[in-house]
**Student:** 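First the structure, which I've put down as structure tokens, then a few questions once you've had a look.
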Amino acid sequence: MRNFNYQNKTELIFGKDTEAKVGQKLKGLAKKVLIHYGGGSVVASGLLDRIKDSLTEAQIEFIELGGVKPNPRVGLVREGVTLCKAEGVDFILAVGGGSVIDSAKAIGIGACYEGDVWDFFIQKAKVSNTLPVAVVLTIPAAGSESSTGCVITNEENDYKRSAGHPSMRPIFAILNPELTYTLPAYQTACGLVDMFAHVLERYFTNEPNVTLTDRLCEATLKTIAEQGLAVMATPNEYAGRAEIMWAGTIAHNGSLGVGRSEDWASHMIEHEISGIYDIAHGAGLAIVFPAWMQYVYQHDLGRFVQYAKNVWDIPTEGRTEESIALASIEATKRFFKKIGMPTTFEDANLPIDRLEEMADKAVENGPIGGFVKFERNAVLHILKIAAELK
Ligand code: NZQ
Ligand code: ZN
């Protein structure tokens, strides 16, 4: 196990009706809040009104900025930065999913910076300070509610890039599983794939002697697979929604990756797909991850056999390591398909004429991947597997 230093400042407030506490939680932390939200689900559900009532009751001044789109755009982030500076906002409250939270985080760093906020996403500036951000989460998926990063799309050139810093972890996150009952099945499924992928990115490591984090990863993966099916079948049942909401946070709060190397090539390849085609990140991952597995499994057959046994309960007796590894890739695909996710470009009705461009962009800042390192041609190969050209 490698040396590590882990700190997570996000206070997690979990359970029924917890959003009613938001005004009280902000007392003493904020003078003027920007409430940031998405395309309208929180308006339709009445959640936004309840949040505003809670702030008003706590006598906290606020302004609003809605309209965050999935794959959040830098244009709205810039608008938010200008608004925060002009209005003297000292706290941002994100009410929504990963896109809203990421947009809020980007506004937070932009508001403490003189230049253009996109500088942080092209390594022209380093994050050192942010306005504090808190979250009322409405979809378990991205894990942004307690992660250090944010991912923003530049609508002028289709680049989707991330920025991160420990200061960007939200101050607190309110996680009420009941708020997720209104999710369309497709969004629930995209969230399941995303959190599953966040664990896989950490699970496929070259670091020996990381048994505890291996077991924690396997438990989280198993829970997402089992409870994910339950949630798809009975979306209004609290028990399953609660397991999945907690799993989404655990999957990406960094604790499963301590002491080990991580991979992240699939995420970087996926960001090229959703950056260009604006599909949901989870759906993009369902296309990329099985192709990535197909390409790398021979690098460490033992790890794939462990994944097969401990996550999918695949019988191993009398079988070769290779056939067990391949069975684990099939099991992964089957899970994604069962919950209605695409696993090829064709399934998602995506064209396959820009694979070369995506491969070029994915490695623009150097080779990607920690488990197996990829240059451009390896990325292209994976995209071709996903496009069923190989
Ligand atoms: O915009 P509204 O109307 O709110 O609708 C949203 C949106 O259309 C809807 N939704 C959310 N909660 C709902 C709901 N509809 C009904 N009832 C509810 N309770 O769901 C749609 C998707 O929302 P979005 O926020 O885009 O989903 P998600 O949480 O999956 O976030 C995806 C973004 O997060 C980034 C992704 O790249 C993508 O841009 N990621 C962020 C990470 C991070 N910051 O740590 C890590 C991830 O790997 C990921 O890259
Ligand atoms: Zn992700």
Side-chain angles (χ1 to χ4, degrees), residues 10 19 36-48 66-74 76-77 94-106 108-109 121 133 135-154 159-165 168-170 173 175-202 235-236 241 244-245 248-249 251-254 257 262-275 277-286 288-289:
T10 309
E19 68 276 14
H36 200 35
Y37 58 93
S41 74
V42 299
V43 178
S45 67
L47 175 63
L48 185 65
V68 179
K69 292 190 178 136
N71 300 317
R73 312 301 202 267
V74 72
L76 189 71
V77 170
V95 185
S99 296
V100 173
I101 303 167
D102 285 4
S103 185
K105 286 174 167 175
I109 54 176
F121 297 85
V133 172
V135 172
V136 178
L137 186 66
T138 62
I139 169 172
S144 186
E145 64 276 11
S146 80
S147 79
T148 55
C150 70
V151 191
I152 299 294
T153 297
N154 189 326
Y159 270 80
K160 185 174 181 183
R161 290 291 179 265
S162 57
H165 188 262
M168 289 165 65
R169 286 197 205 266
L175 312 173
N176 176 357
E178 290 178 314
L179 300 180
T180 68
Y181 291 171
T182 51
L183 277 169
Y186 183 78
Q187 290 299 340
T188 299
C190 288
L192 291 170
V193 174
D194 193 17
M195 60 182 81
F196 199 84
H198 292 159
V199 185
L200 292 179
E201 298 281 19
R202 295 171 167 99
N236 290 346
R241 288 289 193 185
I244 288 303
M245 197 162 217
T249 300
H252 200 44
N253 69 2
E262 304 179 8
D263 189 70
W264 296 101
S266 300
H267 262 72
M268 295 186 76
I269 299 170
E270 192 297 311
H271 286 167
E272 302 308 336
I273 301 178
S274 52
Y277 298 114
D278 201 19
I279 64 164
H281 170 61
L285 285 169
V288 173
F289 234 112

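Order of listing sets the numbers, starting from 1, for every ligand and every atom in it. Sequence positions, counted from 1, serve as the residue numbers for this chain.
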**Student:** Quick one: do Arg169 and Glu145 make a salt bridge, cutoff under 4.0 Å?
**Tutor:** no
**Student:** Measure from atom 47 (C) of ligand 1 to every heavy atom in His252, Glu201, Glu270, His198 and give the option owning the shortest one.
**Tutor:** His198
**Student:** Can you tell me the protein heavy atom closest to atom 30 (O) of ligand 1 and the distance?
**Tutor:** Ala141 CB, 3.4 Å
**Student:** Give me the residue, atom name and distance of the protein heavy atom closest to atom 29 (O) of ligand 1.
**Tutor:** Gly98 N, 2.7 Å
**Student:** Could you work out, for atom 38 (C) of ligand 1, the closest of Lys105, Lys69, Lys160, His271 by heavy-atom distance?
**Tutor:** Lys160
**Student:** Just by modelled atom types, is the Pro235 backbone N or O under 3.5 Å from a matching donor or acceptor in the Arg241 side chain?
**Tutor:** yes
**Student:** If hydrogens are left out, which of Leu137, Val95, Val193, Thr182 has an atom nearest to atom 17 (N) of ligand 1, that is, the closest non-hydrogen atom?
**Tutor:** Thr182
**Student:** Ligand 1 and Thr180, any nitrogen or oxygen pair closer than 3.5 angstrom?
**Tutor:** no
**Student:** In the protein, which heavy atom is nearest to atom 25 (O) of ligand 1, and how far is it?
**Tutor:** Ser99 N, 2.9 Å
**Student:** Check whether any heavy atom of Cys150 sits under 4.0 Å from an atom of ligand 1.
**Tutor:** yes
**Student:** Can you check whether Ile139 has an N/O within less than 3.5 Å of an N/O in ligand 1?
**Tutor:** no
**Student:** When only distance counts, is Gly38 in polar contact with ligand 1, meaning an N/O pair under 3.5 Å?
**Tutor:** no
**Student:** Rounding to 10°, state the angle centred on the Zn ion (ligand 2) that links NE2 in His267 with NE2 in His281.
**Tutor:** 90°
**Student:** Using modelled atom types and a 3.5 Å cut-off, is there a donor and acceptor pairing between side-chain atoms of Glu19 and backbone atoms of Leu47?
**Tutor:** no
**Student:** Nearest protein heavy-atom contact for atom 13 (C) of ligand 1: which residue, which atom, what distance?
**Tutor:** Leu183 CD2, 3.3 Å
**Student:** Among Asp278, Thr153, Asp102, find the one that has a side chain to side chain donor-acceptor pair (under 3.5 Å) with Asn71.
**Tutor:** Asp278
**Student:** So for Gly40, does at least one of its heavy atoms come nearer than 4.0 angstrom to any atom of ligand 1?
**Tutor:** yes
**Student:** Among all protein heavy atoms, pick the one closest to atom 45 (O) of ligand 1 and tell me residue, atom and distance.
**Tutor:** Ser147 OG, 2.7 Å
**Student:** Look at Asp194 and state whether any of its N, O or S atoms is less than 2.8 Å from the Zn ion (ligand 2).
**Tutor:** yes
